[in-house]
Every structure is written in C-alpha cells, then in structure tokens.
Amino acid sequence: MAWGRKKSGARKEPLFGLPAALAELRLTQADRIPDATDEEQPKKPVAKRKIEDEDDEPPPRERKPRAAKSGAKRRGKSRGRIRIGRLVYWGAVLGIWAVIAVVGIVVWVGAHLPPIQSLEIPKRPPTIQIVGLDSSLLASRGEAPGTNVALKDLPPYLPKAFIAIEDRRFYSHYGIDPVGIARAAVANVLRRGVSQGGSTLTQQLAKNLFLTQERTMARKLQEVELALWLERKHSKNEILELYLNRVYFGSGAYGVEAASQRYFGKSAKNVTVAEAAMLAGLVKSPSRLAPNRNPEGAEARAQIVLAAMAEAKFITDAQAKASIGHASYKVKPVGAGTVNYVADWIGEVLDDLVGQIDQSIVVETTIDPKLQSVAEAAIIDELAAKSVKFNVTQGALVAMTPDGAVRAMVGGRNYAESQFNRAVTAKRQPGSAFKPFIFLTAIEGGLTPDTIRQDAPLDLKGWRPENYTHEYFGAVTLTQALAMSLNTVAVRLGLEVGPKNVVRTAHRLGIASKLDANPSIALGTSEVSVLELVGAYAPFANGGLGVSPHVVTRIRTNEGKLLYARQPDQLGPVIEPRHVAMMNTMMQETLLSGTARKAEIPGWMAAGKTGTSQDFRDAWFVGYTANLVTGVWLGNDDNSPTKKATGGGLPVEVWTRFMRTAHQGVPVAALPNAQRGGFMPNLFQTSQVSAPAPSAPVPAGAYRPPPARNSVPPPPNPNARPEAAAGLDGWLMDRLFR
C-alpha cells in the first residue's frame, strides 16, 4: 500500500501524440474473455479497488458516456430538423407535380372538346311525323311531339321535384357539388356498389346536350368542364329550364311537355304534385320506370320523390301523403306495330329526298292505315296458328297499287322484338316466283302460251333439276308448265332464250339485285327482296309500264311549307301490251288450276305465281289484280328449312285473307287485255271481269298437284292444249337435251 501511495504521488510527465491517446486505455476484468477457470473462481472487485486507489482523478471512461449522451441529443435534434425539412421539400415537389398533372388533364380534356367559344346550345332535334293516306298519324320519329315550356309557366312544384331528387344543392353550387360527390361516394362504399350518383343537374344537362352516354373517365371529365362552362354562360333558371325541356323520360318523350302528354294526356302546365313526382322519378331509369312498362316501379319511385320534396320543405308532409297513389295514368300507345317498319324505311330515304333535316316535318305517305292493319293481322295470325306446325317464324308482306304506291308493308311479325325489315332489307331466293321473267323472255322471243315444250328428266353436266312431285308430264304448253310450276320446262326455256337475256328482262321490270346469269336462274336461285319482286310484277297489272315502288308523296314543315312533292314515274313501257296479255292469261291459270288454286277473290280476276326455294327455306306468293299487287314471304331469319312450307300453302292463305278485305267495296276492274286478233281468242276468255270458275278443292298444304292421278294426265284446259310437240321447237329441244 505504501508503494502504491508513493507511486501515486510521484511526478507524471506529460505525454503527447499516440502515447497520450493510449495512456488512458486500460482493460478491466469485464473486458477480458473468461475461460473455464475464471468462471469457477470468485470474481475479485478489481475495478472497485482501482477506483478507491485513484480517488483524486475519475477514470476517463466515466466521462465518455456523459459526453456521448449530450452529443446524441444534439444529433437527434439535428436529424429531426432534417426530416421535417425533407418532408416539406418533397411535399412541395409532389404538390407542384400534382398541379402540373391536373393542369395537363384539364388541357387534354379541353383539347378533345369543341372550342368553348363555338359551343352553343343545340336546337331541339326535329320531329318527323308520318301520316297515312287519310292524314292520320302513323308514327313519329325523333322526339315525341312537344314544345318547349318556359320555367315560369310550370307549376312551382314541378321543377322543385327534380331539384329534390336529383340535385338539392342546385342553387348553391357552381356546376359541381363536392358535398354531393362525397355523400354519394360514402353511400356507394357503405353499400359496396353504385347506389348514388354525384352528378348535378348542370352536369346531366351538359351530358345530354354535348356528350354521349358512355361511362368513361374521359367523358366524366368533359362533363365537368362543360358544366362549369354552362354555369358561367347561363343563369341557374336558364339551366333548369333547358334541363326540363331536354331530359329523356322514356317511350320516345324528351322534355316535360312531351312526357306529360305521353303519360298523362295533359300539358306539363297542368300536372299535379303526384304527377310531377312521377316525372321527376323517371329520370333515373326512363326505360325501366316508364308507367306504360312498369307502373308499380314508377309509383314506388314517385313516393321516394315525394318524401324528398317533403324533406327539403318544398311541400308539406300532408301534401306528400295526400299525393301518394294519385297519379292518373293515361298512357298513349307507343308505336310498336308493324307500321314502324314503314317509318324506318321512310327514315332511310328522307336524306335523299330533302337532305339534312333541321326542322320538324310532316311526311305524307301512300300507306292506307286500314290495309296496314289487315296485313299485320294476316301475317301475325297465320304465324300464330301454324308457325310450329311448319317451323316458320317470320313473314313479310308488301302491297302496292299497279303504279307502285305502297299501301301496306309488314317487315316481320313483331317490330318490338326485331326491327329488321324483311320486306325491304332481307334478300331471299324467290324460287319459282321468278319464273314469270323466264316465260316473259320466251314470249318476247316469239313463243306463245300454247307453245309446246317437253317436261322430262334433264341432266346438265351432273345437275338434274326435278319437279316438286318427281313426276313428268311429257309435252305441255307453256301455260300448263307455268301453272304447274314445272322446273324442267323452266330450265329448258332459260337455256333456250339465254340466262343473260333473262337477267336483262328482270332488271328491266324492276329487279335491282345482282342476278347470276346461269341455268339455275330459272329456278329463282338469285336472291331478291319482297319489295323489288312485287314492284317487278306491277307491269303485268298496269299494262306494261315500269314503276318505282314508293311510299312518300309529299314532305312539308309544320308551318305548311312544301319541301318535296313526288312527280309521276317517267319510266315508260317495259313490256308490250300483247305480251302483257299473254303473261296475264298464263298466270291466271296458276290461280284457276295450278299451284295457287286456294287464292280466290270473289268477283275479281287475279293472276300470280307461287315460289318455294330449295329445301323449303322460303315460301312465296306474288299475286295481283287491276287494283293491287301483293307479295308474301314466309320463312326463318337463319335460313333454316321449314317443315315443307310451300308457296301454295301459307303465303296463299295470307294473300287471300288480305286481298279479299282490300277489295271489298272497290269497283271491279279487268286485268290488261291484249289487242284482238293474231292470238287464239279462247285464251282471253279467262281475262274478262266475270268471276272465275270455281276450282276443285285442294288438300291443305298442297303445292304442285298433278293434273290427274293417272300416268297420262289430261291437260288443265283440253280445248286449248295442242298435240305433241312437232316442228322446229320439238326438233331443237330433242337435239339440245336428249
């Protein structure tokens, strides 16, 4: 201990540099790595003794922790300031980029809009009213008739009903309602779906006026910009008035006036509180909530509107309760009948007649509403009774006067289910209904109805056309061949006169479709529409004049200004009168003893031709009198075969039902006759005005019955039938087809 004290009092020399730094560096027992022996021996309080020995000077290691602690505090404060500074910096950077992004989006959206300075409130779309021959309204296109109404002329609760249910903060926002958007977002999140919308009335107006109905973010952003523009350009009352006069209410009604007339049969100026609530409720889903489609849904929605009006203090609770269930429906029937096929056809030709329509117009047509109803009933009833039996799902009918004025048109059995017009747009194989053009070409080439041709098997490079009954009758006249629709005779005639000449004849008479000039054209394998085929038969009924099927006679504005007046056709003769007489005689026999014996109009002489395409896919009958030319087609849209539906069956039944009604009370007139002389007089006996002789009964569904059941059938008209073929005609046919 004395040595220790002596040593501690000894003089200490100062040290510098590395020795000074290492002088205070000492290892304690705690710094050593213990071994096994050290762990067994008790630990000695070495550090404590050293501290007692060096009581004059604290060890350096005791000062270091205090210095480190104060430095850590200073460093922590510095780091905190740095972090805050960085947050502020990056926040500012992100804010700048966000502003740039928003500006970029606004610029991009604005670039895809029309120039704001050129934007104008578009005029109300024009209304097209289509009237019939008796000036009665047939259909409307465009907006339902209804004028704009001023906001001041409406009962105050009507616009308030829309504000209550659609945009309660309408008068306090500037086109966009952040509160409404937030409320809608919360409601949608809570209900896990889109249950509310945040669009204001101004946004809805912008969409209705300038944009489409697509649901995209770009369209929504455009809607926002246009809403802001509307708010800057117009007052709140002007925006509300525009909205009420442009919003869609279903059933073709745009604006509160048209909707009120459609659903309540009164002006919007006179609606009750209950009716106003129902109109406001329709805006959410016009098609689903329209009273004529869903009266229960419309009433339930109206009650919600009444509750919203009461909550907004627009009406009292007592008024809301008193109005429940008191909307008086007087729903006017919306055009869903077959006359809409006519209206669609008219819409397609208006641009060619008067150009772009920028004002409401009235289109006067040739349609007879009574005949249109009869035609519709004939098609629908026939299909309802026999569509399953014959696997026929669709039909079409066109009836026109001999000068081409369409009196009735049915484009399908149900316009509401299918707007495809099978009378104008669809093209199908006419089958044997095309044969009159082959026989006319032969007549124009010098043959006569009494000319003999062979009905026998035929082989043209592997193609073997057959008759429907698979029977052959040998030598027959052209009249018999056309009446019984003998395929082999038609093919022989087509080859004899040349398929190209047949095509020229059909086009000359009015067929506009492309026709393939090949041997099978004699069997009607080239497709045509009902309208053009009926129009091509019209020259047979009018003495040989070409016609253009038409339905529009005049177009005028609502104020009476004439925009279009149809001029008479200038096509002139397309068939010589004597050839018309021969063809009428031949096609009359089709109704007297041929494939259309069930077609009969008491007191009238009629003519026509049946047709059935391959595999019974299409069934046709086109027949005519001096008063009307009518064609009927029945089949399936997918071109699937029917269950042996033939032209002499269902189409003849539809035609007969329609034509009998159409000719009631009409003065009887004869089909055009030939000049006397140069032709066998007895062939004209059947073309007189007197009623046709009664024909033998035909089993239902019969198509091409043979003249008799024996193997050598007698001719339909023994007095007119010549003997077996002879001369140049027989020689030519024997060498061409033997």
>> Assess the residue pair Asn391 and Thr642 against the criterion (side chain to side chain donor-acceptor pair (under 3.5 Å)); give the C-alpha distance rounded to whole Å, side-chain angles, the decisive distance to 0.1 Å, and a yes or no.
In response: CA-CA 5 Å; Asn391 188 33; Thr642 65; over 6 Å; no
> Passes side chain to side chain donor-acceptor pair (under 3.5 Å), Thr557 versus Gln359? Steps please.
Replying inline: CA-CA 7 Å; Thr557 65; Gln359 57 185 323; 4.9 Å; no
> Taking it one step at a time, do Arg556 and Tyr564 satisfy side chain to side chain contact (heavy atoms under 4.5 Å, CB included)?
Replying inline: CA-CA 7 Å; Arg556 56 181 171 82; Tyr564 167 82; over 6 Å; no
>> Determine whether Glu311 and Arg168 satisfy the following criterion, salt bridge (charged side-chain N to carboxylate O under 4.0 Å, His left out), listing intermediate values before the conclusion.
In response: CA-CA 10 Å; Glu311 183 181 347; Arg168 200 170 298 182; 3.5 Å; yes
>> Could you walk me through whether Tyr171 and Asn237 satisfy the side chain to side chain donor-acceptor pair (under 3.5 Å) test, starting with their C-alpha distance in whole Å, then the side-chain angles of each, then the deciding distance to 0.1 Å, before giving a yes or no?
In response: CA-CA 9 Å; Tyr171 283 103; Asn237 286 343; 2.9 Å; yes
>> Using side chain to side chain donor-acceptor pair (under 3.5 Å), reason through Tyr415 and Asp344 one step at a time and then give a plain yes or no.
In response: CA-CA 11 Å; Tyr415 180 83; Asp344 290 349; 2.7 Å; yes
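Between the side chain of Thr661 and the backbone N or O of Arg657, at least one donor-acceptor pair lies under 3.5 Å. With hydrogens and angles disregarded, a donor-acceptor distance shorter than 3.5 Å links the side chain of Asn340 to the backbone of Gly337. Arg422 places a side-chain N or O within donor-acceptor distance of the main-chain N or O of Phe420, the cut-off being under 3.5 Å. In this structure, Ser640 contributes its side chain and Asn636 its backbone to no donor-acceptor pair below 3.5 Å. Gln261 places no side-chain N or O within donor-acceptor distance of the main-chain N or O of Ala258, the cut-off being under 3.5 Å. Side chain of Arg554 to main chain of Val363: no donor-acceptor pair is present (N/O by atom type, distance under 3.5 Å, no hydrogens or angles). For Asn245 (side chain) and Glu241 (main-chain N/O), a donor-acceptor pair under 3.5 Å exists by modelled atom type.
Taken from CD1 in Ile315 to OG in Ser323, the straight-line distance is 5.5 Å, to the nearest 0.5 Å. With rounding to the nearest 0.5 angstrom, the OG1 atom of Thr338 is 13.0 Å from the CZ atom of Arg413. From Ile346, atom CD1 reaches atom OH of Tyr341 across 15.0 Å, with rounding to the nearest 0.5 Å. The CE atom of Met409 sits 5.5 Å away from atom CG of Asn421, with the distance rounded to the nearest 0.5 Å. The distance from atom CZ of Phe162 to atom CG of Leu279, rounded to the nearest 0.5 Å, is 5.5 Å. Atom CD of Glu257 is separated from atom CG of Asp153 by 10.0 Å, given to the nearest 0.5 angstrom.
Taking 4.0 Å as the cut-off between side-chain N and carboxylate O, Lys386 and Glu653 count as a salt-bridged pair. Ion pairing of Asp618 with Arg428 is present here, as a side-chain N (NZ or NE/NH1/NH2) and a carboxylate O approach within less than 4.0 Å.
Side-chain contact annotation: Glu231 with Thr202, donor-acceptor N/O pair under 3.5 Å present.
Ring orientation note: the planes of Trp229 and His234 are nearly perpendicular, at an angle over 60° on the 30°/60° scale.
For the side-chain contact (heavy atoms from CB on, under 4.5 Å) with Pro369, the lone residue among Leu138, Leu137, Val339 that qualifies is Leu138.
With ring centers used as reference points, Phe314 lies 6.0 Å or more from Tyr157.
No more than 12 heavy atoms of other residues, nucleotides or ligands shown are found within 6.0 angstrom of NZ on Lys269.
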